[in-house]
Amino acid sequence: MRDNERVTSAIREPETPAATTPPRLIATDLDGTLLRDDKSVSPRTVAALAAAEEAGIEVFFVTGRPARWMDVVSDHVHGHGLAICGNGAAVVDLHGGPGAHRFVKVRELPRNNALDAVGVLRDAAPGTVYAVEQTYGFYQEPTYPKLHMEVPDDLAPAEDLLAADSPATAEPVLKILAYHPEMEPDAFLTLARIAIGDGATVTRSSPSALLEISGPGVSKASTLALCCAERGISHEEVVAFGDMPNDVEMLTWAGRSYAMGNAHPDVLAAASGRTVANNDDGVAVVIEQLLYGRM
């Protein structure tokens, strides 16, 4: 798919005026998209991000990661320094650096909705185990696997962690994580979306059967739309990149969108274009072409 550093004919240009609309904002996922598999940001990508900002194009990192995991890109923020974390549950100012970030906007998952989701999914998929992601804290059930490189703040059943009298009620819940040890990931996602309905937003970004459950209507796309509206930026002026189901809404919303060469089939279907894989600097390839007119 690569030819002299260009995106080749694998790209499918959108059949809308957005193809010729100058971009004002780049929205990119991190894991599997901007980051290489070793979680690094390549020198080429660093240079492309800096060039975009210098050209007056804002860059937003839009990720499922919590704010405390943003150290991988905190050295590469420019201008506004904002990132959308938790699949749209929070807008975070990264200027303070690791451990000193500031929450600009929080779109929480109401505890009652979270409890309802836990209950219906326990019935629909026995064996599901949970973790709870809050603005600063991370809590999990005792049987939840060590999927994350961190020590939880507390171990307890999800119903206790989400209860009104829980010690953690002072912090908003951003999302709950639901893991099933046996189900196929996409089958688990479909089952959960049917079971939970409109009581919460259910998506996934992991290759395992790990679901991310956020507040009703909360997604990367809806929070990005709010941030763009505050800046007077239309969706036609946004270029987005992603690789997993939690990126689908954002890629559909943006005027131009690119699925990575390593993307999930649903992402390939949703995006208006395609670039090379994350390990081949697919985001940088497109940014360079946007800036230097090689599209």
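The figures that follow rest on heavy atoms only: side chains count, while hydrogens, waters and symmetry mates do not.
Of the possible donor and acceptor atoms, none in the side chain of Thr33 sits under 3.5 Å from a partner among the backbone N and O of Leu30. At least one donor-acceptor pair under 3.5 Å links the side chain of Asn279 to the backbone N or O of Asp37. In this structure a side-chain-to-backbone donor-acceptor pair under 3.5 Å is present from Gln134 to Glu171. For Gln140 (side chain) and Tyr130 (main-chain N/O), no donor-acceptor pair under 3.5 Å exists by modelled atom type. Asp38 places a side-chain N or O within 3.5 Å of a backbone atom of Ser40 that can act as its donor or acceptor partner. Checking side-chain atoms of His180 against main-chain N and O of Ala209 turns up no donor-acceptor pair under 3.5 Å. In this structure, the side chain of Thr28 does not engage the main chain of Phe61 through any donor-acceptor pair within 3.5 Å. Between the side chain of Tyr258 and the backbone N or O of Ala271, no donor-acceptor pair lies under 3.5 Å.
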ask   = For Thr169 and Ser166, what are the C-alpha separation, side-chain angles and deciding distance, and is it a side-chain hydrogen bond (donor to acceptor under 3.5 Å, both in side chains)?
value = CA-CA 6 Å; Thr169 52; Ser166 166; 5.9 Å; no
task = Starting from the C-alpha separation in whole Å, work towards a yes-or-no answer on side-chain contact (heavy atoms from CB on, under 4.5 Å) for Asn112 and Leu162.
result = CA-CA 8 Å; Asn112 286 341; Leu162 295 166; over 6 Å; no
ask   = Could you go step by step and tell me if Leu49 and Leu34 meet the side-chain contact (heavy atoms from CB on, under 4.5 Å) rule?
value = CA-CA 10 Å; Leu49 295 176; Leu34 189 79; 4.2 Å; yes
Test log, rule side-chain contact (heavy atoms from CB on, under 4.5 Å), inputs Thr128 and Met183 = CA-CA 10 Å; Thr128 302; Met183 290 193 69; over 6 Å; no
ask   = Can you check side-chain contact (heavy atoms from CB on, under 4.5 Å) on Val41 and Leu35, steps first, answer last?
value = CA-CA 5 Å; Val41 185; Leu35 303 181; 3.5 Å; yes
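With a 4.5 Å cut-off on side-chain heavy atoms, Leu109 and Val218 do not count as touching. Residues Leu82 and Val104 form a side-chain contact, since some pair of their non-hydrogen atoms from C-beta on lies under 4.5 Å apart. Under the 4.5 Å side-chain criterion, counting only non-hydrogen atoms from C-beta, Phe188 is not in contact with Val202. Looking at Thr135 and Val106, their side chains come closer than 4.5 Å, going by heavy atoms from C-beta outward. Within the 4.5 Å cutoff, the side chain of Ser208 has heavy atoms near those of the Tyr179 side chain. Contact check for Ile213 versus Val118: no side-chain heavy atoms found under the 4.5 Å cut-off. Put simply, the side chain of Trp253 reaches to within 4.5 Å of the side chain of Val238, judged on heavy atoms. Residues Ser257 and Met250 have side chains not in contact (no heavy-atom distance under 4.5 Å, counting atoms from C-beta outward).
Residue Met244 is not grouped with residue Val248 when hydrophobic side chains (ILVMFWY) are merged at heavy-atom distances under 4.5 angstrom, including chains of intermediate members. Note on Leu210: it does not cluster hydrophobically with Leu121, by side-chain heavy-atom contacts below 4.5 Å among ILVMFWY residues. The cluster map of Ile, Leu, Val, Met, Phe, Trp and Tyr, joined by side-chain heavy atoms under 4.5 Å apart, puts Val132 and Ile196 in the same cluster.
Atom CG of Asp198 has 12 or fewer neighbouring heavy atoms from other residues, nucleotides or ligands inside a 6.0 Å radius.
Residues forming a ring-ring contact (aromatic ring centres under 6.0 Å, His included) with Tyr139 (at least two apart in sequence, or on another chain): none. Partners of Glu230 by salt bridge (Lys or Arg N to Asp or Glu O under 4.0 Å), not counting sequence neighbours, listed by chain and number: Lys105. Every residue meeting the salt bridge (Lys or Arg N to Asp or Glu O under 4.0 Å) condition with Lys220, not counting sequence neighbours, appears here in chain and number order: Asp29, Asp247. Arg65 is linked by a salt bridge (Lys or Arg N to Asp or Glu O under 4.0 Å) to Asp31, counting only residues two or more places apart in sequence or in another chain. Residues passing the side chain to side chain contact (heavy atoms under 4.5 Å, CB included) test with Ser222, sequence neighbours excluded: Arg107, Ser219. With sequence neighbours excluded, the residues satisfying salt bridge (Lys or Arg N to Asp or Glu O under 4.0 Å) with Glu159 are Arg122. Taking the side chain to side chain contact (heavy atoms under 4.5 Å, CB included) definition, one finds that Ala48 meets it with Ala284, Ile287, sequence neighbours left out. Under the side chain to side chain contact (heavy atoms under 4.5 Å, CB included) criterion, Pro110 pairs with Asn113, Pro216, sequence neighbours left out. By the side chain to side chain contact (heavy atoms under 4.5 Å, CB included) test, Thr190 pairs with Ile194, sequence neighbours left out.
When all heavy atoms are compared, the tightest approach of Thr223 to Gly88 is OG1-O, 2.6 Å. Residue Gly64 comes nearest to Asn87 through the heavy atom pair CA-OD1, 3.2 Å, listed as atom of the first residue, atom of the second, then distance. Heavy-atom minimum distance, Asn278 versus Asn262: N-OD1, 3.0 Å. Here the closest heavy-atom approach between residue Val267 and residue Pro245 is recorded as CG2-N, 4.0 Å. Minimum heavy-atom separation, Ala52 to Leu291: N-CD1, 3.8 Å. The minimum heavy-atom distance between Ala89 and Leu174, with the atom names listed, is CB-O, 3.7 Å.
The stretch residues 195-224 participates, sequence neighbours left out, in no ring-ring contact (aromatic ring centres under 6.0 Å, His included) pair at all. Residue pairs meeting the salt bridge (charged side-chain N to carboxylate O under 4.0 Å, His left out) criterion with at least one partner in residues 206-218, sequence neighbours excluded, are Lys175-Glu212. Under the salt bridge (charged side-chain N to carboxylate O under 4.0 Å, His left out) criterion, the residue pairs touching residues 177-186 are Asp186-Arg204, with sequence neighbours excluded.
Here the CZ atom belonging to Arg111 is positioned 8.5 Å from the CG atom belonging to Leu161, to the nearest 0.5 angstrom. Put simply, CG on Asp160 and CG on Asp154 are 9.0 Å apart, with the number rounded to the nearest 0.5 Å. The line from CG of Leu224 to CD of Glu249 is 12.0 Å long, rounded to the nearest 0.5 Å. With rounding to the nearest 0.5 Å, the separation of OG1 in Thr63 from CG in Asn246 is 7.5 Å. In this structure, the separation between CG on Leu94 and SG on Cys85 is 6.5 Å, given to the nearest 0.5 Å. Atom CE of Met260 sits about 7.5 Å away from atom CG of Asp243, to the nearest 0.5 Å.
By the 30° and 60° cut-offs, the orientation of the rings of Tyr136 relative to Phe103 is perpendicular.
Partner of Glu237 under the salt bridge (charged side-chain N to carboxylate O under 4.0 Å, His left out) criterion, chosen from Arg24, Arg256, Arg231: Arg24.
No donor-acceptor contact under 3.5 angstrom links the side chains of Glu141 and Thr143, judged on distance only.
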